[in-house]
Amino acid sequence: MPSPTSRRLRIGIGGMAIESSQFCPHRSAYDDFRVTRGRALLDRYTWTRPDGDLAERVEWVPLVHAVAVPGGPVERATYDRLKGELTHRIRESGPLDGLVYDIHGAMSVVGLDDAEADLTDAVRAATGPGALISAAMDLHGNVSRRFATQLDLLTAHRMAPHEDAWETRERAARKLVERLVRGTGRPHRAWVQIPVLLPGEKTSTRLEPARSLYGRLASVEALDGVVDAAVWVGYAWADEERCRAAVVVTADDPQLALAQAGSLARAYWDARRDFVFVGPTGDADSCIARAVGSCARPFLISDSGDNPTAGGAGDLAYMLGRLLADEELASGRVTALHPGLTDPEAVAVCFDAGVGGEVTLAVGGRFSAGTGPHAEPCELTGTVTALEDPAADPGSTGPRENPAYDRGGRSAAVTRGGVTVVLTERRRPFHTRADFGSLDPLSYDLVVVKIGYLEPELHAMAADWLLALTPGGVDQDLPRLGHHKVRRPLYPFDDEGFEEPDLTPTLL
């Protein structure tokens with residue numbers, strides 16, 4: 001076993017993070033990523049500060065980090081470029097004791113079947129066998145054996161919505177430092193996959209059984225001899241063999257790791273039929289009708305099938321068409337705000353017209369045209385009621401987890417009857433009050449957002465809420481998407497006659 005070290009450690013930081021729906025026609029290119037290097041990369045985190053408690057023990061070595069709003073698969077040239085820069089910087093940085101590997105876990109790349117495994121193989125080759133790699137991941141990532149084998153420590157968020165995202169990164173970093181300082185070397189990893197693949201909207205930790213399953217992890221981690229415990233839901237909108245739930249327990253005691261991983265996997269499997277949607281559901285028309293008829297204001301509706309933060313294209317005008325077809329909304333007796341429909345051409349027309357100008361547009365379908373009737377553009381004649389240009393306002397910055405907002409991109413609000421739609425140049429989420437810019441969501445009767453479960457600020461804003469099961473690249477109705485590469489049998493694709501799976505963990 002390596003001996004404790006008193007010298008200052010050299011630990012690199014880097015990674016590539018995106019969630020990619022293979023059922024989304026969008027392709028993620030280099031310009032979709034926010035790429036950070038140097039001091040700006042270290043400034044992403046609190047634990048890398050020069051005056052922080054780790055500063056005397058660690059020299060943090062910034063490599064390169066790339067993060068994008070979820071979308072379609074990454075173009076191969078973009079992936080190769082970022083992979084090449086990361087591995088080059090690792091080699092050029094000199095010997096590293098460790099690497100904080102800041103990734104997502106559900107990246108798909110055109111032409112690859114397990115993108116994170118491919119990237120991690122290259123990263124391991126660059127660091128060499130002596131460095132410890134500690135991965136911080138999203139719980140919606142996929143954990144194949146090939147991928148996990150190359151890592152020494154790996155952990156994931158324990159909350160959905162991911163209110164602990166930065167805490168997860170810090171946990172990965174601090175556990176890495178602790179092992180390197182103590183000289184305890186590589187721990188054992190007990191790994192097991194579970195033949196269950198559920199969307200995030202059925203696995204929120206706000207509800208049972210996910211609340212209790214994830215609630216167990218801290219107590220497992222607290223056991224003497226255990227380093228970390230993590231459960232991954234998997235990513236439901238990719239079609240690869242690795243797409244399924246997984247458990248990894250990391251420990252110095254291999255038998256304890258195996259026992260705890262097996263127990264967590266069994267609990268997940270036994271609870272598979274207990275997972276339910278995080279809120280009441282319905283199709284688009286029924287959700288609109290219930291919201292219009294409610295006294296609760298604002299009433300939020302999730303346009304879940306085109307959620308860009310799960311990998312949807314963000315360009316589907318299907319929900320806009322259904323809003324405009326409602327008589328109460330069309331007449332203006334009830335008002336609705338529908339933000340986040342991506343259409344750069346329509347935004348340009350609105351800016352040319354100016355606030356107060358009348359426009360006639362065919363909005364939507366910029367990425368998704370031809371993929372089905374739900375992807376057809378929507379004819380919209382209305383008045384431009386707001387224009388936003390972050391580039392013209394240097395003080396306009398969004399939250400650090402919203403790279404598209406940080407990069408800028410104009411938006412335009414167009415109102416017809418009681419419906420106001422926000423058109424955007426770039427795919428971006430609307431999760432916080434700041435994301436709405438000059439528009440006040442609290443002043444509308446309905447707020448219809450391209451999202452799945454509600455992020456914390458939206459959840460606090462909603463007087464009531466419905467999850468609309470709309471079509472799109474992240475459709476909640478998984479069987480109708482047409483998976484054919486996932487390893488079967490797999491719940492919920494297969495249920496009746498499903499033989500008891502082998503949930504025996506493997507020690508890596």
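What you are looking at is a predicted structure, and each value in this text was computed from that prediction instead of being measured. The first residue in the sequence is number 1, and the count goes up from there.
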- Query: Any salt bridge between R433 and E457, counting N to O under 4.0 Å?
  - Reply: no

- How would you list all residue pairs meeting ring-ring contact (aromatic ring centres under 6.0 Å, His included) that involve residues 446-490, not counting sequence neighbours? F23-H483, H483-F493

- Query: In terms of side-chain heavy atoms, does T415 have a donor or acceptor partner in T383 at a distance below 3.5 Å?
  - Reply: no

- Query: Is it true that E221 and R216 make a salt bridge, defined as a side-chain N closer than 4.0 Å to a carboxylate O?
  - Reply: no

- Message: Angle between ring planes, F498 versus W269, binned at 30° and 60°: parallel, tilted or perpendicular?
- Response: perpendicular

- Message: R206: which residues meet the side-chain hydrogen bond (donor to acceptor under 3.5 Å, both in side chains) condition with it, sequence neighbours left out?
- Response: none

- Item | Test: K202 cationic atom under 6.0 Å from F275 six-membered ring centre, within 45° of axis | no

- Query: Are a donor atom and an acceptor atom from the side chains of N307 and S304 found within less than 3.5 Å of each other?
  - Reply: no

- Distance-only side-chain donor-acceptor flag, H157 / T168, under 3.5 Å: yes

- Item | Residues which pass side-chain contact (heavy atoms from CB on, under 4.5 Å) with R174, listed by chain and number, not counting sequence neighbours | W47, D53, L54, E170

- salt bridge (charged side-chain N to carboxylate O under 4.0 Å, His left out) pairs touching residues 301-311, sequence neighbours excluded, are D303-K450, D306-K450

- Q193 side chain to R242 side chain, donor-acceptor N/O pair below 3.5 angstrom: no

- Task: Could you tell me which residues satisfy salt bridge (Lys or Arg N to Asp or Glu O under 4.0 Å) with R272, sequence neighbours excluded, listed by chain and number?
- Result: none

- Query: Which pairs count as salt bridge (charged side-chain N to carboxylate O under 4.0 Å, His left out) when at least one residue sits in residues 351-363, sequence neighbours excluded?
  - Reply: none

- Message: I'd like to check the salt bridge (Lys or Arg N to Asp or Glu O under 4.0 Å) partners of E75; sequence neighbours left out, ordered by chain and number.
- Response: none

- Task: Please name all residues satisfying side-chain contact (heavy atoms from CB on, under 4.5 Å) with E167, sequence neighbours left out, ordered by chain then number.
- Result: D164, R171

- Side-chain H-bond candidate by donor/acceptor type, E116 with T120, under 3.5 Å: no

- Item | Between D445 and T335, a side-chain donor and acceptor under 3.5 Å | yes

- Query: Is a donor on one side and an acceptor on the other found under 3.5 Å between the side chain of T48 and the backbone of L42?
  - Reply: yes

- Query: Any donor-acceptor pair under 3.5 Å linking the side chain of S204 with the backbone of A160?
  - Reply: yes

- Does F430 have R428 sitting over its ring (NZ/CZ under 6.0 Å from centre, angle to axis within 45°)? yes

- Message: Between D464 and S294, is the side-chain hydrogen bond (donor to acceptor under 3.5 Å, both in side chains) condition met? List the steps.
- Response: CA-CA 9 Å; D464 204 347; S294 172; 4.7 Å; no

- Query: Does a donor on one side chain and an acceptor on the other come within less than 3.5 Å for S108 and S20?
  - Reply: no

For residues 362-375, run the donor-acceptor check on the side chains, cut-off 3.5 Å, and write out each pair with its distance to 0.1 Å, sequence neighbours left out.
from: R366; atom 1: NE; to: D343; atom 2: OD1; distance (Å): 2.8
from: R366; atom 1: NE; to: D343; atom 2: OD2; distance (Å): 3.0
from: R366; atom 1: NE; to: E345; atom 2: OE1; distance (Å): 3.3
from: R366; atom 1: NH2; to: D343; atom 2: OD1; distance (Å): 3.2
from: R366; atom 1: NH2; to: D343; atom 2: OD2; distance (Å): 3.3
from: R366; atom 1: NH2; to: A362; atom 2: O; distance (Å): 3.4
from: S368; atom 1: OG; to: D315; atom 2: OD1; distance (Å): 2.7
from: S368; atom 1: OG; to: D315; atom 2: OD2; distance (Å): 3.3
from: T371; atom 1: OG1; to: S368; atom 2: O; distance (Å): 2.6

- Item | Note: D32-R427 ion pair, threshold 4.0 Å (strictly below) | no

- Taking NZ, NE, NH1 and NH2 as the nitrogens, is one of them in R322 or D326 under 4.0 Å from a carboxylate oxygen of the other? no

- Message: Strictly by ring-ring contact (aromatic ring centres under 6.0 Å, His included), give each pair with a member in residues 304-354 just once, sequence neighbours left out.
- Response: none

- Message: Tell me every residue that passes salt bridge (Lys or Arg N to Asp or Glu O under 4.0 Å) with K83, counting only those two or more places apart in sequence or in another chain.
- Response: D118

- Excluding sequence neighbours, so at least two apart, what forms side-chain contact (heavy atoms from CB on, under 4.5 Å) with E388? S411, S438

